[in-house]
Amino acid sequence: MRRLKLLHELAQQGTVAATADALQLTGPAVSQQLAVLEREAGVPLLEKRGRNVVLTAAGRLLVSHADIILGDVSAAESALAALKANGSGTVRIAAFATAARTLVAPIWTDVPGVQLRLVDAEPDAATSLLHQTIDIAIVHSYTLLPRPTPANCEVHELLEEPVLFAVSPKTAAQKHLVEGQKVRLTRFADERWLAPTKEFSCHEMIQRACGAAGFVPDIVAEASDFAVLVALVAAGAGVALVPRMAIPDGHEPVSLHPLAVPVTRKIYALTRMGSARRPDIRAVLERLRASTD
């Protein structure tokens, strides 16, 4: 582990001298330990380039694994420290806002012997945090916008939900729509559209759904919260596509409709490879799955 940390630090610092300074070691000590690591690996990890050394392809490969290994060790140390201090494990979750509200909040005190920590993060950010400070990343993927599974991660499916078309009751009546009736988006090509802001993948999902229907939506309002979009729909500001779970309880009156060409959103949890065997992480995953039944 110490030698892996040296190699990882060298990849960050760029030179043996800078690595030695960062780790408060001497240059010869760093070089000696890296030479031992090369013998253990059985392949060259470094090559000389001028007065410096650079990573070989094997060295870069080992550094990519070191990122994960060192992150796992750090997470294990944190979990053990929390267990020693509090008599319980600590599980850190990153989840997008809707999942945090509807999946994480209800189980906050329902996992015996486990302390939860939560970071509100969109899927890309949550995935990035997974190999750093997070144990479970709750993310989503649309049928129109599949999300690749990152390397060295395990997928735990939680639920799949439809994306619904939301329109004001007045506009629904003008279009002769009955609540729950399937709709084709082409009928609403000339309507004003409401969408999440561009940094959210839900924005791209709407663009793709409308594009598949043969038009570019005229987006007149963007918001980071689906509750705002639903309120704007109710006020007659426009129409929107909203995942079912993102529709807030007690929302203003809107007419909701499934799509004739369905779009679904899959919500799942990601964990580092093998970490779901930890009793505390396994307990949280089981409680999350149970809450979606």
Side-chain angles (χ1 to χ4, degrees), residues 68 71-142 147 149-150 152-164 196 200-202 224-228 230 242-251 256 264-293:
I68 299 166
D72 285 346
V73 170
S74 177
E77 289 172 343
S78 296
L80 286 172
L83 187 63
K84 182 179 179 180
N86 307 311
S88 65
T90 298
V91 175
R92 296 166 176 80
I93 302 174
F96 59 99
T98 299
R101 173 174 58 86
T102 60
L103 298 181
V104 180
I107 70 164
W108 194 262
T109 58
D110 286 351
V111 190
V114 176
Q115 291 190 348
L116 295 181
R117 298 290 183 267
L118 175 66
V119 175
D120 183 346
E122 283 300 296
D124 287 342
T127 302
S128 297
L129 291 170
L130 187 60
H131 289 309
Q132 300 176 36
T133 58
I134 292 299
D135 301 303
I136 299 174
I138 301 179
V139 301
H140 61 68
S141 179
Y142 289 101
R147 185 181 301 279
T149 301
N152 300 302
C153 286
E154 293 177 330
V155 176
H156 311 271
E157 295 186 3
L158 298 177
L159 64 100
E160 191 167 341
E161 61 173 347
V163 173
L164 301 176
F200 295 99
S201 58
C202 303
S224 60
D225 189 339
F226 274 112
V228 175
V230 171
V242 185
R244 182 173 62 190
M245 198 170 74
I247 298 171
D249 296 333
H251 60 82
L256 298 172
T264 60
R265 182 169 78 163
K266 182 182 294 184
I267 298 174
Y268 53 97
L270 294 173
T271 59
R272 295 184 296 274
M273 189 68 67
S275 68
R277 292 194 294 270
R278 265 178 49 184
D280 52 355
I281 293 180
R282 185 171 66 247
V284 173
L285 290 171
E286 288 174 354
R287 189 65 189 88
L288 285 169
R289 282 192 289 263
S291 70
T292 63
D293 291 342

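Here the structure is a predicted model, which is why all the values come from computation and not from measurement.
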Checklist line | Shortest non-hydrogen contact from Ala125 toward Ala121 | finding: CB-CB, 4.1 Å
Checklist line | Ala269 versus Ile136, closest heavy-atom pair with distance | finding: CB-CG2, 3.8 Å
Notebook entry, point to check: Hey, does Leu103 have a side-chain heavy atom less than 4.5 Å from the side chain of Ile267?
Noted result: yes
Next item on the list: For the residue pair Val155 and Leu270, establish whether any side-chain heavy-atom pair is separated by less than 4.5 Å.
Entry: yes
Next item on the list: Please report the closest heavy-atom contact between Ala97 and Glu122, naming both atoms and the distance.
Entry: N-OE2, 4.4 Å
Item checked: Minimum heavy-atom distance Glu154-Ala276, with the two atoms named -> OE1-CB, 3.8 Å
Note to self: If the test is side chain to side chain donor-acceptor pair (under 3.5 Å), which one of Glu161, Glu160, Arg244 qualifies with Thr264?
What the structure shows: Glu160
Item checked: Minimum-distance pair of heavy atoms, taken over all atoms of Met273 and Cys153 -> CE-O, 3.5 Å
Next item on the list: Answer yes or no: is there a side-chain heavy-atom contact under 4.5 Å between Leu256 and Val242?
Entry: no
Item checked: Atom of Arg277, atom of Arg282 and distance for their closest heavy-atom approach -> O-NH1, 2.9 Å
Item checked: Pairs meeting criterion side chain to side chain donor-acceptor pair (under 3.5 Å) with involvement of residues 93-105, two or more places apart -> none
Notebook entry, point to check: What residues form a ring-ring contact (aromatic ring centres under 6.0 Å, His included) with Tyr142, not counting sequence neighbours?
Noted result: His140
Check: What residues form a side chain to side chain donor-acceptor pair (under 3.5 Å) with Asn152, not counting sequence neighbours?
Finding: none
